[in-house]
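Quick notes on the structure that follows.
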Amino acid sequence: MRIHLKALGCRLNEAELDTWSRDFAAAGHCMTADAAEADLVVINTCAVTEEAVRKSRQLVRRAHRANPTAKLVMSGCYASLDPDQAAAELGVDLVVPNQDKDRLVSIASRTLDLPTMPAMAAEPGEQALLAKTRQRAFIKVQDGCRYRCTYCIVTLARGDERSRPIDDIVAEINQLYANGIQEVVLTGVHLGGYGSDSSSHLTALVRAVLDDTDIPRLRLGSLEPWDLPEGLWDLFDNPRFMPHLHLPMQSGADTVLRRMARRCKSDEFAAMLTRAKTRVPDLNVTTDIIVGFPGETDDEWTQTLDFVECMEFGHLHIFAYSPRAGTKAATLANPVARDIKRHRSDALHALGARLKKDTLTRFVGREFEVLVEGRPETDTAGHTVWSGYTPNFLRVAIASETPLENRLVRVRCDALHTDGERLSASLVD
Ligand code: SF4
């Protein structure tokens, strides 16, 4: 879908558009600067003065007149004052009050039934999980994929596998580090296939980056679970290689995995994970799950829920299946009804939130080095709160009046934050 975003008022409202734009892109949508050609318009309103309220209402009305067929979503301060009245009076499809802003894209996707299958099967892992920031860069090391997962359009669009030479990648990372970047994420359409066209492999690339650059933190992007390179676990002995893997499983039912032409069975994944966690105790594994793949029965769905629960994933990316013309899956019989997909998606979101809380809680009391990123927020008590990630990708909030941006700091994780999505941490001297 084409999405148009518009903000009124403060810089924070503007900054939120960046986050939403990234989240929409990760869900497979594209942005448009022209409201008239959009399928969905999102307006971040303001209420700081009467004039701001008037302008907010005017903007919503104008957007509706310019493009009556587009779905309209309203958020921000004006929308939060009296959401029901604002919705009824202005005829918008959805109001997302300020307290739910962080989840605007997932709320809009579910409530308005937006198709959320990503265009690029390999992208959501890194793009939605980890934002590009002033501290973090994504390095594309590989393109193309040899596999033919039946829902994936990438394999048709991207052609044969091609890998960048190691020297090139090392030079780019050295340059980025010289420019202040502290963390890089290696990405590819089929990252596990790195080097298949040049007699190299992903382990050799990671070793070269660790040996020939001083970049303090190195991560891997989304990696197909059947394609983990040999020697991967030994790499985690180096503390600069971050113990977090995003392994997109897509389903926990082997019959669904077969229809998807995925090459990993659920019990193989479980065995691999048990071995991995013994070898790398703090390893945090996150995944993607497609909900409502054609023909997904109640029994197959229950198998997926059970599998996700047993694997204790630290974070889930959930996509409601929508067919993509040109893929084999788009021709499969027995599509799953919308309301069933929504119901299943809600259940999986609830499970994902619980597993994330469990994962975070397991690390309360532990100390980690955190790379502090982004602008700080001010909490209800007026304290400045900074944000960052531990090596194993746990989000932490650090209260500190000292400027911390772009610093690697040692923190102790004190408690699960009240929002249940991160840990509250304090600086260790
Ligand atoms: S492994 Fe499958 S999902 Fe991933 S890019 Fe290749 S064909 Fe697409």
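Being a predicted model, the structure only gives us computed values, none of them experimental. Every number for a ligand or one of its atoms is a count from 1 in the order of the listing. Any value given below was found using the heavy atoms of this structure, including those in side chains, with hydrogens, waters and symmetry copies removed.
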Subset of ligand 1 atoms that lie under 4.0 Å from at least one heavy atom of [X]:
X: R262; value: 2 (Fe), 3 (S)
X: Y151; value: 3 (S)
X: C149; value: 1 (S), 2 (Fe), 3 (S), 7 (S)

Query raised in the report: Hey, would you say the Y147 and H190 ring centroids sit under 6.0 Å apart?
Result: yes
Query raised in the report: With a 4.5 Å limit on heavy-atom distance, are the side chains of M272 and L228 in contact?
Result: yes
Does a side chain donor of either [X] or [Y] reach within less than 3.5 Å of an acceptor in the other side chain?
X: S424; Y: D414; value: no
X: T255; Y: E300; value: yes
X: T213; Y: N174; value: no
X: N392; Y: T390; value: yes

Query raised in the report: Is the distance from atom 2 (Fe) of ligand 1 to some N, O or S atom of C145 under 2.8 Å?
Result: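 Under 2.8 Å: C145 has no N, O or S contact with atom 2 (Fe) of ligand 1.
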Query raised in the report: What do we get for H190 next to ligand 1 when only non-hydrogen atoms under 4.0 Å count, side chain, backbone, both or neither?
Result: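 Looking at H190 and ligand 1, no heavy atom falls under 4.0 Å.
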Query raised in the report: Any idea which N/O/S atom from E224 gets closest to atom 4 (Fe) of ligand 1?
Result: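 This residue's closest N, O or S atom turns out to be OE2.
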Requested in this report: Tell me, please: is R146 in heavy-atom contact with ligand 1, that is, under 4.0 Å?
Outcome: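 Heavy atoms of R146 never come under 4.0 Å of ligand 1.
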